[in-house]
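Below is one structure, written out as structure tokens, with a few remarks after it.
Since the model is a prediction, treat every value here as computed from it, not as a measurement.
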Amino acid sequence: MKLEEITHPELKNNINLIYMQGENNNKKAIQELENKIKTYIKNNVFIISIENNEPVKIPYGNNEEYVVPIFTDQREYTLGMQYFSLNVMDENKEYIIEKLDYFKKLKEDPKFLGYLVNISSVSYIINTSLL
């Protein structure tokens, strides 16, 4: 699959709906949407930024915890790399197009908090309970 073929409007829509339901404090709807996301991410490939064949890790908090950025389309990847560039994090970065279970060992790491979707815009974390 090519970079320009990757699109995830359904995932973006579900993320936006979660934010809306969060404003309404509708926990039941949020749970249903999270279940949809969980199914969706198991069945689809994403753009994953890598360095030396390992996923790029972004520190999150002060306890050595981290998130791994993923991207839902070519535009978001380009914007994300610009974001990395502003933060001097873009050197030697490449990407792969894979399912999120490609890096299965991440789920075993207690410091891994989840995948950060579209770091430059959506910035939603798919936490480990959804993997």
Side-chain angles (χ1 to χ4, degrees):
M1 186 169 271
K2 296 179 182 177
L3 184 66
E4 56 273 6
E5 296 173 338
I6 305 294
T7 61
H8 294 290
E10 182 181 336
L11 177 64
K12 289 180 183 181
N13 185 49
N14 284 333
I15 289 170
N16 288 332
L17 289 172
I18 283 177
Y19 282 124
M20 287 174 41
Q21 295 300 340
E23 289 176 3
N24 297 328
N25 202 25
N26 189 342
K27 293 178 180 169
K28 182 179 178 187
I30 291 171
Q31 183 65 47
E32 290 171 4
L33 289 163
E34 285 180 341
N35 288 336
K36 285 182 182 180
I37 288 175
K38 187 174 186 175
T39 301
Y40 187 88
I41 62 175
K42 284 184 181 180
N43 297 319
N44 289 278
V45 295
F46 293 88
I47 304 163
I48 305 170
S49 186
I50 61 169
E51 184 174 25
N52 299 323
N53 296 319
E54 292 290 325
V56 170
K57 298 175 181 175
I58 299 173
Y60 195 90
N62 296 323
N63 299 324
E64 297 180 18
E65 296 172 324
Y66 63 92
V67 293
V68 171
I70 62 171
F71 306 93
T72 58
D73 57 40
Q74 183 176 9
R75 178 184 167 279
E76 293 294 346
Y77 178 74
T78 301
L79 291 173
M81 288 299 101
Q82 289 172 356
Y83 178 85
F84 282 147
S85 180
L86 291 173
N87 292 290
V88 195
M89 295 170 58
D90 66 333
E91 296 178 14
N92 305 315
K93 303 291 186 284
E94 299 178 67
Y95 70 87
I96 58 172
I97 297 171
E98 290 288 344
K99 289 188 175 185
L100 295 187
D101 66 354
Y102 185 79
F103 295 106
K104 291 179 183 176
K105 64 183 178 186
L106 286 176
K107 288 177 30 177
E108 299 168 8
D109 184 354
K111 304 284 185 188
F112 174 60
L113 299 177
Y115 291 97
L116 178 62
V117 180
N118 297 338
I119 190 171
S120 65
S121 61
V122 176
S123 298
Y124 175 80
I125 295 177
I126 297 174
N127 65 48
T128 54
S129 70
L130 298 177
L131 302 177

- Message: Return the CG to CD1 distance between Asn13 and Ile37, rounded to the nearest 0.5 Å.
- Response: 10.0 Å
- Query: Is the shortest heavy-atom distance from the side chain of Val117 to the side chain of Ile125 under 4.5 Å?
  - Reply: no
- Message: According to side chain to side chain contact (heavy atoms under 4.5 Å, CB included), who are the partners of Asp73, at least two apart in sequence or on a separate chain?
- Response: Lys12, Arg75, Glu76
- Drop me the distance from Asn118's CG to Thr72's OG1, to the nearest 0.5 angstrom. 3.5 Å
- Task: Say whether, by atom type as modelled, one donor and one acceptor occur between the side chain of Tyr77 and the main chain of Ile47 under 3.5 angstrom.
- Result: no
- One should read off an interatomic distance between Glu94 CD and Ser49 OG, to the nearest 0.5 angstrom, of 9.0 Å
- Task: State, to 0.1 Å, how close Gly80 and Ser120 come at their nearest heavy-atom pair, and which atoms those are.
- Result: N-OG, 3.9 Å
- Query: In chain order, what residues pass the side chain to side chain donor-acceptor pair (under 3.5 Å) check against Gln31, with sequence neighbours excluded?
  - Reply: Asn35
- Query: Are any of the side-chain heavy atoms of Tyr102 and Val45 separated by less than 4.5 Å?
  - Reply: no
- Query: Can any side-chain N or O of Asn127 pair as donor or acceptor with the backbone N or O of Ser129 at less than 3.5 Å?
  - Reply: yes
- Task: Would you please name every residue forming a side chain to side chain donor-acceptor pair (under 3.5 Å) with Glu23, sequence neighbours left out?
- Result: none
- Message: Using side-chain heavy atoms (C-beta onward) and a distance below 4.5 Å, is Leu113 in contact with Thr128?
- Response: no
- Message: Using a 3.5 Å distance criterion without hydrogens, assess whether the side chain of Asn26 forms a donor-acceptor pair with backbone atoms of Ala29.
- Response: yes
- Using side chain to side chain contact (heavy atoms under 4.5 Å, CB included) as the criterion, list what pairs up with Lys105, not counting sequence neighbours. Glu54
Side-chain donor-acceptor pairs under 3.5 Å in residues 60-69, sequence neighbours left out?
residue, atom, partner, partner atom, Å
Tyr66, OH, Asp109, OD2, 2.7

- Message: I'd like to know whether Ile50 forms a side chain to side chain contact (heavy atoms under 4.5 Å, CB included) with Phe103, so could you lay out the CA-CA distance, the side-chain angles of the two residues, the decisive distance to 0.1 Å, and finally the verdict.
- Response: CA-CA 11 Å; Ile50 61 169; Phe103 295 106; 4.0 Å; yes
- Query: Can you find a pair of side-chain heavy atoms, one from Ile48 and one from Leu100, that are under 4.5 Å apart?
  - Reply: yes
- Message: Side chains of Thr78 and Phe71, heavy atoms from C-beta outward: is any pair under 4.5 Å?
- Response: no
- Message: According to side chain to side chain donor-acceptor pair (under 3.5 Å), who are the partners of Asp101, at least two apart in sequence or on a separate chain?
- Response: none
- Query: Can you list the residues that meet the side chain to side chain contact (heavy atoms under 4.5 Å, CB included) rule with Thr39, with sequence neighbours excluded?
  - Reply: Asn43
- Item | Atom pair CD1 (Ile30) and CG (Asn14), whose distance is rounded to the nearest 0.5 Å | 12.5 Å
- Got Glu34 and Ile18 here, is their nearest side-chain heavy-atom distance under 4.5 Å? yes
- Query: Excluding sequence neighbours, so at least two apart, what forms side chain to side chain donor-acceptor pair (under 3.5 Å) with Lys28?
  - Reply: none
- Query: Just how far is it from atom OH of Tyr124 to atom OH of Tyr115, taken to the nearest 0.5 Å?
  - Reply: 15.0 Å
- Message: Testing the basics here: between Met1 and Ile97, what is the closest heavy-atom pair and its distance to 0.1 Å?
- Response: O-CD1, 3.4 Å
- Message: Tell me every residue that passes salt bridge (charged side-chain N to carboxylate O under 4.0 Å, His left out) with Lys104, counting only those two or more places apart in sequence or in another chain.
- Response: none
- side-chain hydrogen bond (donor to acceptor under 3.5 Å, both in side chains): which pairs involve residues 1-10, sequence neighbours left out? His8-Tyr40
- Counting heavy atoms not belonging to Lys111, are there more than 12 under 6.0 Å from its NZ? yes
- Item | From CD1 (Ile6) to OH (Tyr95), nearest 0.5 Å | 9.0 Å
- Message: Is there a path of hydrophobic side-chain contacts, each under 4.5 Å between heavy atoms of I/L/V/M/F/W/Y residues, joining Leu79 to Ile58?
- Response: no
- Task: Search all heavy atoms of Glu51 against all heavy atoms of Val56 and return the closest pair with its distance.
- Result: N-CG2, 4.2 Å
